[in-house]
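Counting starts at 1 for both ligands and their atoms, in listed order. What you see below is based on every heavy atom in this structure, not just the backbone, and it leaves out hydrogens, waters and symmetry mates.
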Amino acid sequence: MTMNLNSLASRLDNIAPFHVMELVKMANALEQQGRHIVHMGIGEPDFTAPPEVVAAAVQAMTDRKLQYTHATGILPLRAAIAAHYRRVYGLDIAPSRIIVTAGASAALLLACAALVEKGAEVLMPDPSYPCNRHFVAAFDGVAKMIPSGPEHRFQLSDDMVREHWSPNTRGVLLASPSNPTGTSIKHDELSRIVSSLRERGGFTIVDEIYQGLSYEGEPFSALSLSDDVIVINSFSKYFNMTGWRLGWLVVPEVLVPQIEKLAQNLYICPSSVAQHAGLACFLPESLAIYEERKAEFKRRRDYIVPALRDLGFRVPVTPDGAFYVYADCSALSDDADKLTIDLLNEAGVVLVPGLDFGPYTAHNYIRLSYATSIENLQEAVARMRKFFDARK
Ligand SMILES: Cc1ncc(COP(=O)(O)O)c(C=O)c1O
């Protein structure tokens, strides 16, 4: 018997698949035919967990630390994250406010489950990380994507928040540095937004998953602005632990029991092995490796941004974090979607079209992930040069 699609929840209509995955599937099919492809599509560090972290995971298994943990995570890990905030950002965050989760994804899920209800509007910039609007849709809220360009570093401004605020608006969801743009919101702008939200009784969620990969200025967390801000973070990017599914969120003390009961019910707890391994991220040996890798990401950025400009892409704001470049391709093509397909088929290079990140800039922008070696980036640039030269 086949299932009747009419019985599916209507919210699924508001949730789109990732276009990038289609490109990756196409790329894999070409690889199976023997083609060499340079991947700059997926946003995942090419580095994997350092040896101390892997050793800690093996030890956790040997010690049979394999059962459910507390829904909010093991206490030593919450304390280690608090110590990290003290050491890097000079902030005193009570470990009780830190909830360990199954990646930033589960942190976003918990935050949206707690704060978004039917019809609630959540403001976010267009372009944004695709899942953000889908997390809101999953709780029958409305993601209100506000077009934002290079003049605002592709972020929201306080003026935009005030202009788009409606009686149904409940809060804002930002990422800084952002995916897909790698640009951060200015601290004073964020501070104004946080104050506006407080005035209106709304929530501010700031996804700081790429905060550890900020290449300019002093380390900064939105937690320094107010105890009300909800901050999302993860072991996936700076700590190179994507597949381990480990992240966290920091919430105001009053929200802890609410988030805790959601975590208990939605997935019981984050992976025990991953949590014990995560503790080893904060060892001096691991931190030294992370800082070296961060310097390598910065070297890659410093190579690829001028190289893209030289090819004819416009990179209107130099990204200051993450491992993405959001590049305007309108001087090279009038359809970013088609360009990414042609680049894959003719040059063997995977880039992501703007389409995944919102409609506003969709047709003029591509996202490039430089989470791959300099050699691969050089190869991709050479292939793109040949591709564009042939079109002149
Ligand atoms: C902005 C942003 N938030 C959240 C996530 C989800 O990350 P995680 O692997 O921690 O679930 C990603 C992944 O790419 C991201 O780019």
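- Using a 4.0 angstrom heavy-atom cutoff, R245 counts as in contact with ligand 1.
- A salt bridge is defined here as a Lys NZ or Arg NE, NH1 or NH2 lying under 4.0 Å from an Asp or Glu carboxylate O, and R301 with E216 meets this definition.
- More than 12 heavy atoms of other residues, nucleotides or ligands shown are found within 6.0 angstrom of NE2 on H164.
- Under a 4.0 Å criterion applied to the non-hydrogen atoms of G103, ligand 1 contributes the atoms 10 (O), 11 (O).
- The pair D356-R367 fails the salt-bridge criterion, with no side-chain N (NZ, NE, NH1 or NH2) lying under 4.0 Å from an Asp/Glu carboxylate O.
- Closest heavy-atom approach to atom 1 (C) of ligand 1 among the candidates L108, D207, T101, L174: D207.
- Proximity of a side-chain donor or acceptor of S369 to a complementary backbone N or O of I42 within less than 3.5 Å is detected.
- When every heavy atom of D228 is checked against every heavy atom of P252, the shortest pair comes out as O-CG, 3.7 Å.
- By heavy-atom distance, the residue among S369, S236, A102 lying nearest atom 9 (O) of ligand 1 is S236.
- Note: no N/O pair closer than 3.5 Å links T242 and ligand 1 by distance alone.
- Closest protein heavy atom to atom 7 (O) of ligand 1: I209 CD1, 3.3 Å.
- Within the 4.0 Å heavy-atom criterion, the part of K237 lying near ligand 1 is the side chain and not the backbone.
- Checked for salt-bridge contact, K386 and D389 miss the test: no charged N lies under 4.0 Å from a carboxylate O.
- Which of F239, F323, F235, Y210 comes nearest to atom 16 (O) of ligand 1 through a heavy atom is settled by distance: it is Y210.
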